[in-house]
Amino acid sequence: MNVTLPDGTVLELAEGATGGDAALAIGEGLARAALAIEVNGDLRDLARPLPDDARISIITGKSPEALELVRHDTAHVLAAAVMELYPGVKISIGPPIENGFYYDFEFPEGAEISDADFPRIEAKMKEHIKAKEQFSRQDVTTGEAMDKFAHEGQDYKVELIEDLIKNEGADTVSLYTNGPFTDLCRGPHATDTSKIKAFKLTSIAGAYWRGDSNRTMLTRIYGTAFLSKEDLANHLEMIEEAKKRDHRRLGKQLDLFHFNELSPGSPFWHPNGMKIWGALQELWSTENARRGFNRVKTPILLDVDLWKISGHWDKYRDNMYFTDIEDRPMGIKPMNCPAHIQIYKNERRSYRDLPIRYSEDGLVHRHEPSGTLHGLMRVRHITQDDAHIFCTEDQIQQEVIDCLRFGFFIYEVFGFEPSLELSTRPEQRVGTDEMWDRAEGILESALKKENLDYEVNEGDGAFYGPKIDLHMKDSLGRSWQLGTVQLDFSMPERFDLTYTGPDNEDQRPVMIHRALFGSFERFIGILIEHFGGDFPLWLAPTQVQLIPVSDKHNGEAQKLADRLADDGLRAIVDTRTESVGKKIREAELAKAPYMWVVGDEEVETGTVAPRKRHQTEDGARVSIEDAISALLDEVASRAR
RNA sequence: GCCGGGAUAGCUCAGCUGGUAGAGCAACUGCCUUGUAAGCAGUAGGUCAGGGGUUCGAAUCCCCUUCCCGGCUCCA
């Protein structure tokens with residue numbers, strides 16, 4: 001039989017040859033390095049016989065697939081170790097994931113486990129790795145597999161097989177055995193456990209079986225594995241570095257905000273944080289105005305009846321805050337739209353008025369479940385950069401495209417490259433299928449027209465319409481939704497919104513909900529992590545830190561600071577009686593973009609010697625005028 | 001909300017198996033008048049998250065509550 005290698009050479013092999021045989025035929029070194037084989041585009045075990053005329057490619061540690069393979073192997077080794085250490089444990093699933101793997105278990109009653117148990121689990125895993133256990137595959141009928149797992153009390157495996165039969169019509173499944181452990185698994189795996197060169201268990205967490213909060217909570221053990229000890233060490237080092245960019249840590253270090261038990265999930269913004277906020281708000285308000293969004297401001301407290309009409313009462317009242325004012329029940333707004341609708345409804349509208357675009361940096365409150373709060377990323381006190389567009393159906397597509405372009409304009413300012421998600425109709429929704437077909441079609445065609453890459457999130461839309469979301473990752477790789485553009489045919493219906501058409505008949509407008517930052521809180525959180533606290537000049541709380549050489553230069557430095565303030569720049573003077581070295585050090589730690597030392601020389605010559613953040617002094621002197629105009633240029637261009 | 005972990009001075013952290021709380025930085029005072037990442041010395045600072053229990057004795061062991069961290073679910 002023949003197989004074709006990636007470079008086109010044809011290799012002749014004995015009938016029934018395996019992937020391992022092919023690797024050996026190419027070279028002994030390759031055979032030793034081989035983990036698996038790609039056969040006609042599918043990843044397979046080396047031990048399986050090759051089909052005739054296949055295109056093959058040997059997978060080694062250098063292949064991109066290698067890590068996933070080895071991590072999957074390590075998940076099996078973890079399960080093997082846990083089963084030995086905790087008899088009666090039930091196993092469920094254990095896939096490789098980005099940066100590692102996990103395995104979900106149901107521990108027997110009374111077997112409390114925590115990360116304190118990792119050392120002994122890891123020790124047991126090492127025994128399996130050292131034993132160089134082969135991963136051997138066995139294809140069996142679904143009946144045999146179910147008998148086996150049912151006999152062993154592995155209910156989750158039985159359920160998985162039942163689902164394979166139901167959903168995929170499976171009549172056989174594959175089992176993989178390494179040492180004493182056999183798991184239901186699609187494969188493939190590397191040849192044996194010795195390919196796992198470095199691994200570590202990283203954390204433990206609860207995870208619902210099948211992701212369903214009504215079902216059992218299993219214990220998930222996370223870990224990671226690499227093909228060398230160095231790679232593992234580098235990975236752990238990278239995580240440590242990423243933690244230094246954590247916005248909660250930097251928020252404290254740079255004195256931007258704090259959280260307080262007196263109002264969980266609600267940041268207390270400090271002066272430094274508000275300077276960033278203010279710069280963002282200015283960008284937001286000028287760019288909105290430029291694009292025809294007119295600022296409005298609406299109340300936070302609104303009659304409960306409004307929330308009944310909007311549907312929030314039915315769907316979200318458990319997550320809303322309420323109060324009574326003179327016996328009148330009021331709800332604190334969780335969204336701005338019903339309030340903006342009141343402005344729309346305040347007079348008769350004509351088709352000539354549309355589109356009408358309102359924007360508001362609206363403060364909404366949502367009682368997010370306690371376990372979901374996360375620094376600035378998930379708060380209960382949310383300042384949305386909200387906007388609502390009221391338009392005709394014909395205008396929707398152009399408005400959506402304009403929103404997307406506006407979004408990309410804003411993200412470009414920060415150098416953000418968001419990923420896009422199109423979320424389609426959820427199970428629970430309002431409106432007809434025709435309406436949803438149309439709405440999803442409009443969004444999809446807008447994305448296509450703009451040539452944008454996006455992922456489809458089936459069933460993740462809002463109850464009133466589909467949406468396009470802009471996502472960004474934080475320093476540890478967690479994805480957060482920032483911007484969103486949502487189509488809404490429902491609110492106009494519920495609130496009986498109309499406009500007079502050219503035919504003098506009442507027509508129903510369509511609403512587009514739009515946020516670009518998403519919320520100021522979350523956006524600033526991402527911003528902090530993205531820049532690691534090294535904010536571009538236009539955003540930096542302190543733009544120039546003035547450092548008098550000694551007390552006698554404090555007056556001159558203050559004069560300079562006043563002058564910078566006159567030009568709209570944020571400067572502060574460090575008047576403490578401390579050494580220059582110390583003041584520089586602390587300005588560096590505060591991540592001030594520029595430090596100007598003011599001493600005799602500067603005062604005499606009317607110059608400054610700007611030191612740039614994280615750089616050592618270059619000694620160049622510039623006139624004060626030139627230095628200021630350079631700063632102003634840098635701010636005006638919003639240089640990153 | 002659920003599972004696991006945590007909470008010690010303003011900050012970062014030490015405090016082994018129970019014997020009554022400690023460091024560095026910050027703060028304050030004094031000296032130094034400082035030239036590009038920490039000048040020197042001294043002083044002060046704690047209901048060990050809150051509450052209950054076990055014990056002669058609890059930061060330490062047990063229970064409850066609050067908040068935080070890592071996940072899961074949720075996220076209009």
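Just so it is clear: chains get the letters A, B, ... in the order the sequence lines come, proteins before strands, and each one is counted from 1.
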Less than 4.5 Å apart, any side-chain heavy atom of Lys90(A) and any of Trp209(A)? no

Please pick, from U12(B), C72(B), G70(B), the nucleotide with the shortest atom-to-atom distance to any side-chain atom of Arg248(A). G70(B)

From the candidates G35(B), C74(B), C3(B), the one with an atom nearest any side-chain atom of Val549(A) is G35(B)

Assign each of Ala205(A) and Gly599(A) to its nearest nucleotide of RNA chain B by heavy atoms, then name whichever residue's nucleotide is nearer the 5' end. Gly599(A)

On a whole-Å scale, what distance lies between the P atoms belonging to C13(B) and U73(B)? 30 Å

Using a 3.5 Å limit on both distances, find every run of at least three consecutive Watson-Crick or G-U pairs that involves RNA chain B. B:1-7 with B:66-72, B:10-13 with B:22-25, B:27-31 with B:39-43, B:49-53 with B:61-65

Could you check whether Tyr316(A) and the base of A76(B) form a stacked pair, meaning centres closer than 5.5 Å and planes differing by less than 30°? yes

Between P on G71(B) and CG on Leu218(A), what's the gap in Å once rounded to a whole number? 18 Å

Please tell me which of the listed nucleotides, C72(B), G4(B), U34(B), lies nearest to the side chain of Tyr222(A)? C72(B)

Describe, in one word, how the ring planes of Phe390(A) and Tyr344(A) are oriented to each other, choosing from parallel (under 30°), tilted (30 to 60°) and perpendicular (over 60°). parallel

What nucleotide among U73(B), C75(B), A37(B) has an atom nearest to a side-chain atom of His614(A)? A37(B)

Over all strands shown, is Glu602(A) touching base, sugar-phosphate only, or nothing at heavy-atom distances under 4.0 angstrom? base

Residue Arg378(A), side-chain heavy atoms: nucleotide from C74(B), G39(B), U33(B) that is nearest: C74(B)

Centroid-to-centroid, Tyr103(A) to Phe105(A), below 6.0 Å? yes

Which of C3(B), G70(B), A76(B) is nearest the side chain of His374(A)? It is G70(B)

Please list, for nucleotides 42-50 of chain B, all pairs of protein and nucleotide N/O atoms separated by less than 3.5 Å.
none

Of Thr577(A) and Lys467(A), whose closest RNA chain B nucleotide lies nearer the 5' terminus? Thr577(A)

Of all the choices, G39(B), C2(B), U36(B), which nucleotide is nearest to the side chain of Val580(A) once you look at every atom? U36(B)

